[in-house]
Structure formats: C-alpha cells, structure tokens
2 protein chains.
Amino acid sequence: MTSIRALPTLTAPVEDYLKVIFELEAGDGVAGTNEIAAELGVAPASVSGMVRRLAEHGLITHERYRGVHLTKAGRRAALRTIRRHRVIEAYLTRALGYPWDLVHDEAERLEHAASDELIDRMAAAIGEPTTDPHGAPIPTREGTLDEPELLPLAAVEVGVRVRVQRVGDRDAEQLRYLAELGITPGRQIEVLSRAPFEGPISLRIGRVTKTIGPGLAKQILVAVR
Amino acid sequence: MTSIRALPTLTAPVEDYLKVIFELEAGDGVAGTNEIAAELGVAPASVSGMVRRLAEHGLITHERYRGVHLTKAGRRAALRTIRRHRVIEAYLTRALGYPWDLVHDEAERLEHAASDELIDRMAAAIGEPTTDPHGAPIPTREGTLDEPELLPLAAVEVGVRVRVQRVGDRDAEQLRYLAELGITPGRQIEVLSRAPFEGPISLRIGRVTKTIGPGLAKQILVAVR
DNA sequence: AGACAGAGTTAGTCTTGCCTAACTTATTCC
DNA sequence: GGAATAAGTTAGGCAAGACTAACTCTGTCT
C-alpha cells in the first residue's frame, strides 16, 4: 500500500518548497524558479540552490533552465503537507472558532510540527472533513486528492446561477471582505451583469446585490447550477 | 504591564535552551553546561556556543566555568514556552483524548509553532486549566508561575497518607506504567513500608497494594494530607 | 540572423546550530 | 601543595538556507 505516511523527516523549508511546486504544477503544468521564489518570498538564487538539493534527494526532477517536476516521492510529501495544512485549518475553525482569515497563517506554521497522529485525531474530531474552510479539498491519508473542475467567477456568463465552491485563502483582508459580502463556500449567487473589458461584475447574493472587481472575481471558484 | 507577550521571535532551539535552563535553575539553583547538554541531547561544546549567543542577546548571564542564569527577558521567554507546552498538553488530553504518555513529544514540537492567539483559545476551550496532565502548573499569560512545595514520594515516611500532585513527564513508558498502577495527579496513596538503603516502597493505592522502586518514587511528587 | 529582455544559474558570503578534538580551569583527594 | 578528574571552553568543520552580484541561457521580436 502506498501510504502518505512513513516518509523521511523533511525540514520545514523543504515541505514549503514541495507544497508550492505542487500547486504551481497543478496550475501551469510547470513550476519555474521565479514563480517558486515569488510564492515563497525568497530570492531566485535561493530557489536554484534548494532545487539542486531537492533533486539530489529524489523529490523533484530538474531540467536546467526549464523547470522542475515533482517525483512520486515529492508529490507524496507535498500532498501530506497539504493535507496537514487543510485539516488544521478546518479544525481551527470548526473546533476552536478561529476566524477564517486567520487560519491560514496559523496552519502554515503548525503543518510542519503536527504528527500524523494529531492530524488524524483532529480530522476525526470534526467528522473527517473533505474540504478546508476556504473550500479547498483535503487530500486523503493515502495521498489522493480529487480536485473538482471549477470555474472562476470572472468567467461566468450573465444570468447564470452558480454555487461558490472555493475562494483564495492567502489574503486575510480579502477573506474578511468576502465574508462581509457573504461570499463563502456553499453560497448561491447569480451574475447580474458584467461590464466589458474586464470590468466590475454585479452579483445577486441572497437578497442583495453587490458589485466586485475582476481581480477578486478570479479568486472565487464556482460550480454552475 | 509586563506581559509574557510581545517578545522578539526566537528560534526553536533557543526556546528549548531557555526552557531547560529555567528548569535546571529551578532545581539546582544553577545550570551547568553539561547538564544543559545532557538535557537537550547535544554536545557540551554546542552548549558553550549557544550560551555565548544567548548572552549576547541578553537572555542569560554567563560566568565562565561557573554556569548561567536567566535574565528577566530570558525568564519571560522561558515561561512563555513552558506555558505553551503545558497548555498544549492539557488541550490534547482534554479536547482530543490524547493519551498522557504521548502529549509531551507532540507539545515539544507544537510549542514553537503555535501563536499566542491559539494557546489562549485552547486554554479557554478547556476552561483555563491550571495544570498540565502530569500535574505541572501552567504559567499565566502574564508570566507568573506558582510552584507549590512538593515532596518526592521517596521522602515520605511510613504510615503517611499523601495526595499525588505531579509526576515526571519525560518518559512515556514510565507514564504508561504509572497509569497502570493508578498513580495519577489527585490520587490518594499511603506509604505502607519502606525497605532501608533506598529500597523498594510499598504503597496502598485505592484498595490495592503495590511496590515501586526508589527511582520511580523520586518522580512522584506529593502533598501530605 | 542578431540583439535584447527575462529567466535561471553560479560564485561567494553570512548565520545558525551542530559536531569532534584538543585545550584550560576548577575541584577534590591524598 | 600538587596531581588527577570532571567540567567547561576554544578551534576548526560541516550542512542548511538565505542573500547579492555577476554571469549565461532561452526565446522573442524585428
């Protein structure tokens, strides 16, 4: 059985690199040095150094000047970290009443320190959640992750009713704003109008109408119907 | 107000050194290089190096070849870490059903990653505990710690009835054994007999009689009556 | 095709925290 | 009081991760 467990202990920076590479690969298909550096708030040269080490440890493959890919082991480690992160987020909000704009930073630190045992107990305590508070799916213990196909709200046609499934979790202020608007996972909304040239979008949320910018609308992932 | 909060961020090793120095100072009155090294599982030379850095940062004072003492800032940082550790232990057992022999190791890692916010929420969630699962008192948010005067069970005279207040938390196997014997904080026990020359000690625990060695008896701290 | 911008890499340095080996100081014991 | 022993320190290294500055690819645009 391929388990997400029983990996050699990785340092916190290594776990962070793998997590970021996983996410970039899922988006672009490839993770570039500068992208990784930007995501981690680190100089590109530092990434080159780490990439060499990660490749030596068999966690990624690296084509010079081309980009990096996770190996099976790397992917496994990345998913383990992502599972930890999301379970912690879910636990903090559901069991400790943590506001959803603060859980990300807390989880960012705890994910490197919590044992698998603790993660499992947290998950069990809140009924084995399948998503985190921002709607991101939680990888299983076994290392599988099913990412449903979602549409950014920015791409939804006028008149269509959609259901919010997931929102960006990085920016605490943005999360507070979304909560204020009532845009949280599970919420039904309808696109009332869209200004041309990437202009603002009018939405019906419950009984009220709100207008948001196109940048924010890209951070809101929805499913049609 | 002198708060336990608002300290510069310290690295995990630094927090560990301060914690250990605090505990050794509480015991011996002075913390020696070799003691610190043994406690942390590190070479004495490494301690000398760290001691220099801690002194430079004003967390300890150091008399060469004599030993170290915490400064006020150092003591504050140590108590903050100890509070975190003990709140985490208490939370894990009371809220997540963690067995008491496992909480120490988990807390050892989480104490460096948890925010003050999280620690406060955990403490609130379980009713502001005053001791950890092994009976150790939890420092307050403000950095005060009241350590009651306790007697090792090894020093109790025959015929005296005592109440278990606190047990050593380092050794998981010892904790499992104590649990099996029924020796947990709050438990009433009576010393039935003591063999001379640091020999075994017979105890009445509830309705049963058990005999323990003198080493274990030193790890059990009690209050008379 | 050639030049240029942008992405990526190398070289060299720094800090933290650890190690071993060799040295120094303090203490204790005859 | 002087030697043995324990405790503590210095010297010299190493690995991880970060940085800046300087270099080299790659790919695009004309």
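Sequence lines set the chain letters: A, B, ... in the order given, protein chains first and strands last, and positions in each chain run from 1.
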Of the candidate nucleotides [options], which contains the atom at the shortest distance from the side chain of [X]?
X: B:P13; options: D:dA11, C:dG17, D:dT26; value: C:dG17
X: B:Y65; options: C:dC19, D:dG8, D:dT26; value: D:dG8
X: B:P44; options: D:dT9, C:dG17, C:dT9; value: D:dT9

Can you see if the side chain of [X] gets near the phosphate of [N] - specifically, an N or O under 4.0 Å from OP1 or OP2?
X: A:S46; N: D:dC19; answer: yes
X: A:R64; N: D:dT26; answer: no
X: A:S48; N: C:dT10; answer: no
X: B:Y17; N: C:dC18; answer: yes
X: B:R52; N: D:dA11; answer: no
X: B:H62; N: D:dG8; answer: no

* Structure fact -> Contacts satisfying salt bridge (Lys or Arg N to Asp or Glu O under 4.0 Å) that involve residues 24-50 of chain B (not counting sequence neighbours) are B:E39-B:R170

When we call it a touch if two heavy atoms are under 4.0 Å apart, what does [X] touch: a base, just sugar-phosphate, or nothing?
X: B:V47; value: nothing
X: A:R53; value: base
X: B:G32; value: sugar-phosphate

* Send over the distance from A:M50 CE to C:dT9 C1', rounded to a whole Å. => 16 Å

* To do: Round to the nearest Å and state the distance from A:N34 atom CG to C:dT9 atom C1'.
  => 11 Å

* **Atom pair CD (A:Q219) and CG (A:L175), whose distance is rounded to the nearest 0.5 Å** => 9.5 Å

* To do: Flag the pair A:W100 / A:L178 as yes when at least one side-chain heavy-atom distance between them is below 4.5 Å, and no otherwise.
  => yes

